[in-house]
Amino acid sequence: MGIRKNQASLTPAERTAFVNAVLALKQNGTYDQFVQQHIVRANGDSDWSTRIGHRAPSFLPWHRKYLIDFEAALQSINPSVTIPYWDWTVATTTLWTNDFMGPTGTSGTNWRVPTGPFAYSGGAWTLTVRSDSANYLRRNLGAGGLQLPSSFDLASVMGLTTYDTSPWNSTSLNSFRNYLEGFRGPNLHNRVHNWVSGTMAGAGSPNDPVFWLHHCNVDRLWSEWQAQHPTATYQPAFGTADVADIDEPMAPWATTPRDMLDHSGLYTYA
């Protein structure tokens with residue numbers, strides 16, 4: 001069983017091991033399969049028709065399964081590696097360094113990440129499966145003056161007591177899932193994608209490896225909310241069109257939301 005740590009607490013050796021495992025998955029073609037999976041799912045999800053990975057109750061269990069599969073792929077390269085999480089409510093100096101995620105870009109180069117292990121110039125990170133025309137990683141951190149979510153923003157969402165509400169999409173009110181996903185309330189998950197901007201702002205967002213650290217934090221928050229609200233389980237239970245009920249499979253897997261409610265046998269959070 002793995003322990004997922006705050007990226008700010010990783011040792012230099014742990015940071016290097018994570019980066020090297022990601023680069024190895026890119027080299028052997030596995031990484032691009034994960035990107036393609038996300039593009040297909042994101043492009044297929046709609047507020048008023050089929051929705052599974054986004055704008056839906058299964059946003060959280062779908063991405064939990066997605067993270068579990070990615071972590072297993074990393075561990076096929078190095079069994080000691082787990083996905084670290086990025087707590088975006090706390091200022092950090094360790095994330096955007098040249099030995100880890102790399103820095104932001106500049107407007108003069110279309111926000112191309114200039115240095116670090118995932119810079120196009122290094123030769124190891126060409127975006128071959130993508131949702132826009134750029135074959136290089138792009139970032140515009142803090143685009144348009146956007147601020148990352150605060151601890152106050154987070155507390156207002158963590159205090160919600162209902163997992164999800166009808167109509168089970170981006171318009172759902174007083175829904176922990178929807179407010180964490182970021183279509184209502186203080187806008188958490190979506191805001192972080194837009195704050196990083198560039199590649200992270202599109203359906204091909206996993207092309208930016210910070211995607212995994214961001215979604216690991218989203219999963220951590222869901223895990224904490226589950227512990228705080230043990231009787232507020234996944235909804236809907238049955239008979240709902242266009243979304244995954246608790247015992248219905250989440251494409252492209254046979255995995256159901258219920259299967260993803262307890263992760264304690266696979267990983268914990270430090």
Side-chain angles (χ1 to χ4, degrees), residues 18-19 21-47 50-56 58-60 62-71 73-74 83 86 88 95-96 100-107 109-114 116-144 146 170 181-183 188-219 250-253:
F18 178 78
V19 167
V22 170
L23 290 173
L25 292 181
K26 179 69 170 175
Q27 184 176 27
N28 70 22
T30 302
Y31 196 96
D32 285 350
Q33 294 174 20
F34 281 96
V35 176
Q36 182 64 34
Q37 189 176 50
H38 191 270
I39 290 173
V40 168
R41 187 64 272 141
N43 287 339
D45 291 328
S46 168
D47 258 350
T50 301
R51 50 197 183 277
I52 301 172
H54 308 84
R55 301 171 175 265
S58 50
F59 165 73
L60 291 168
W62 191 93
H63 281 86
R64 179 168 283 178
K65 168 62 173 169
Y66 190 53
L67 289 171
I68 288 169
D69 286 357
F70 184 69
E71 192 164 73
L74 291 172
I83 303 172
W86 167 29
W88 16 258
L95 189 58
W96 310 111
F100 200 36
M101 293 293 104
T104 191
T106 60
S107 59
T109 61
N110 193 29
W111 308 107
R112 183 184 305 200
V113 171
F118 308 111
Y120 176 83
S121 60
W125 204 257
T126 299
L127 308 190
T128 53
V129 176
R130 55 188 188 266
S131 55
D132 60 28
S133 61
N135 67 349
Y136 48 86
L137 180 60
R138 301 165 58 244
R139 289 193 193 119
N140 177 13
L141 303 184
L146 194 64
S170 71
E181 189 173 359
F183 290 106
L188 300 184
H189 156 267
N190 289 347
R191 194 199 315 185
V192 176
H193 274 275
N194 292 328
W195 183 90
V196 177
S197 193
T199 305
M200 268 282 277
S205 52
N207 270 315
D208 189 335
V210 82
F211 171 96
W212 305 103
L213 282 68
H214 170 37
H215 270 275
C216 190
N217 192 51
V218 171
D219 185 76
M250 303 179 294
W253 312 291

- Task: Could you tell me whether Trp212 and Tyr66 have their ring centroids closer than 6.0 angstrom?
- Result: yes
- Message: Which heavy atom of Gly105 sits nearest to which heavy atom of Pro114, and what is that distance?
- Response: CA-CD, 4.3 Å
- Atom CG of Asn140 and atom CE of Met200: how far apart are they, to the nearest 0.5 Å? 13.0 Å
- Task: Compare all side-chain heavy atoms of Ile83 with those of Leu74 and state whether any distance is below 4.5 angstrom.
- Result: yes
- Message: Strictly distance-based, threshold 3.5 Å: is any side-chain N or O of Thr199 a donor or acceptor partner for the main-chain N or O of Asn207?
- Response: no
- Message: Nearest 0.5 Å, please: how far is OG1 in Thr30 from CG in Asp69?
- Response: 11.5 Å
- Message: Quick check for you: to the nearest 0.5 Å, what is the distance between Asn217 atom CG and His214 atom NE2?
- Response: 8.0 Å
- Over all atoms of both residues, closest heavy-atom pair of Ala73 and Leu25: O-CD2, 3.6 Å
- Flag side-chain contact, heavy atom, 4.5 Å: Arg191 against Leu146: yes
- Query: Can you pull the side-chain hydrogen bond (donor to acceptor under 3.5 Å, both in side chains) pairs that have at least one residue in residues 119-131, sequence neighbours excluded?
  - Reply: Asp32-Thr128
- Item | Note, Arg139 side chain near Trp111 side chain (heavy atom, < 4.5 Å) | no
- Item | Residue from His38, Arg41, Glu181 passing side-chain hydrogen bond (donor to acceptor under 3.5 Å, both in side chains) with His54 | His38
- Compare all side-chain heavy atoms of Trp86 with those of Val218 and state whether any distance is below 4.5 angstrom. no
- Query: So how far is it from Phe211 CZ to Cys216 SG, rounded to the nearest 0.5 Å?
  - Reply: 11.0 Å
- Query: side-chain contact (heavy atoms from CB on, under 4.5 Å) with Ala124: which residues, sequence neighbours excluded?
  - Reply: Leu23
- Query: Just wondering, do Met101 and Pro209 contact through their side chains at under 4.5 Å, heavy atoms?
  - Reply: yes
- State the CZ-OG distance between Arg64 and Ser58, to the nearest 0.5 angstrom. 13.0 Å
- Query: Hey, would you say the Trp88 and Trp195 ring centroids sit under 6.0 Å apart?
  - Reply: no
- Can you tell me if Arg51 uses its side chain to pair, donor with acceptor, with the backbone of Asp47 under 3.5 Å? yes
- How many angstroms lie between atom CZ of Phe183 and atom CZ of Arg55, to the nearest 0.5 angstrom? 4.0 Å
- Note on the structure: In short, Ala251 meets Trp62 closest at the heavy-atom pair O-NE1, 2.9 Å
- Message: Let's go through Thr104 and Trp96 carefully: what are the C-alpha distance in whole Å and the side-chain angles of both, what is the deciding distance for side chain to side chain contact (heavy atoms under 4.5 Å, CB included) to 0.1 Å, and is it a yes or a no?
- Response: CA-CA 8 Å; Thr104 191; Trp96 310 111; over 6 Å; no
- Message: Test of understanding: with side-chain contact (heavy atoms from CB on, under 4.5 Å), list the residues that count as partners of Thr109, not counting sequence neighbours.
- Response: Thr106, Arg112
- Task: Go through the steps for Val113 and Phe118 under the test side chain to side chain contact (heavy atoms under 4.5 Å, CB included), then give the verdict.
- Result: CA-CA 8 Å; Val113 171; Phe118 308 111; 5.9 Å; no
